[in-house]
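One structure is given below, encoded as structure tokens.
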Amino acid sequence: MVSRRVAAMLLAVARRRWPIELRAELGREWAAELQVLAERGQRVRMLRFAASLAVRRSGVDAPDHAPIARRLLRTTLPLLLAPSACVGVVLVSLFAMNVVVEWLSWRVGWAFDLQLPIATVLTLCGAVGLAVCAERLARGGAPAGGWRVSFGIVVPVALTLAAAGRAVIGDADALARVAPGLVLWLAGLALVLRVTTRLAGRGRVRLAWCVGVLGAIVVADLATVVAVLSHVPAGTGTVVYGVPEGVDPTFAPLWLLACYTDSALGLPGPTEQEIFLITDAVLLEPLLYLACTPYALAWAIRAARGRPEPAADHAVPEPVVRPS
């Protein structure tokens, strides 16, 4: 019977689309169904039944057959370029801030008080955009977790900042003053990413985000304190030409906030003179922390989560046609 042979060929095609461990059981079920339809002479329904199984999706996600090199490239290339994009976000934000402040200065007298807040908001917006792109790109990359993803994110950032610092600053003494804060931030960021990937790998994504954001803020705050103390002497007793040139370490945890807002927000410290010294010493570092952290967290959490699971494991489809 030609129709029976055609149906058998279609079932063979359908079986090959399923995992090996399921093929024997499915083959027996489908062959029994085919036998019933053949005995009843329902050739059209028999062919429709076999064809529906041959063209239907197996219900199991197909493995990613992309070469390993291609998957690694999809992971490595974005991670290498992302730090440069973060530096670009900071530079564009500072340029846009100058344009906005110059435009406002012709209209209001307090325009220059908005310089750092405007730069902070613009940098944050750019950082969120990079985080969204990183989360999407991480879906197509090689899944990873633990220290691998931490170092995969932090090392390109370190290399990019080192190259940028060497090109912009150049002076060895100035680089020595900048290095301690950046090294502390990079080490702390790697540790925070390690913790977040561990939580995300266990399916606790919300907790991973909470821990990641809080941890990143603490690390950036500590790095800012180290950076400020590397440039400005601690203590209010230092006076140069009658002007205080020191900072009170009592309010050190608020220095990062002062770098973003250019004010103490009504708190006792730091004072206006201290804020001037702090922001003059560490203008770029806090903005770089803000630009890099969101994309780093987004990539790490997404990579640790891996690929989404199928809705049902090895779900066997129901035949389109069943004998009544």
Leu193 CG to Leu189 CG distance, which is reported to the nearest 0.5 Å: 4.5 Å
Thr197 side-chain N/O to Arg194 backbone N/O, donor-acceptor pair under 3.5 Å: yes
Ring pair (Phe, Tyr, Trp, His ring centres under 6.0 Å) involving Phe112 - partner list, sequence neighbours excluded: none
Residues forming a salt bridge (Lys or Arg N to Asp or Glu O under 4.0 Å) with Glu285, sequence neighbours excluded: none
Set of side chain to side chain donor-acceptor pair (under 3.5 Å) partners for Ser105, sequence neighbours left out: none
Verdict with supporting geometry, Cys86 and Val90, side chain to side chain contact (heavy atoms under 4.5 Å, CB included): CA-CA 6 Å; Cys86 293; Val90 173; 5.9 Å; no
Check: Glu274 side chain, Asp248 main-chain N or O, donor-acceptor pair, under 3.5 Å: yes
For Thr123, side chain to side chain donor-acceptor pair (under 3.5 Å) partners two or more places apart: Ser93
Residues forming a side chain to side chain donor-acceptor pair (under 3.5 Å) with Gln35, sequence neighbours excluded: Arg4, Glu39
Verdict with reasoning, His231 to Val178, per side chain to side chain contact (heavy atoms under 4.5 Å, CB included): CA-CA 8 Å; His231 291 80; Val178 172; 4.1 Å; yes
From CG (Leu283) to CG (Leu116), nearest 0.5 Å: 6.5 Å
Polar side-chain atom of Asn98 near backbone of Leu94 as donor-acceptor pair, under 3.5 Å: yes
Atom pair CD1/CG of Ile118 and Leu114 - distance to nearest 0.5 Å: 5.0 Å
Selection residues 252-289 - residue pairs positive for ring pair (Phe, Tyr, Trp, His ring centres under 6.0 Å), sequence neighbours left out: Trp185-Tyr289
From CG (Leu184) to OG (Ser230), nearest 0.5 Å: 10.0 Å
Euclidean distance, Leu284 CG relative to Cys259 SG, rounded to 0.5 Å: 11.0 Å
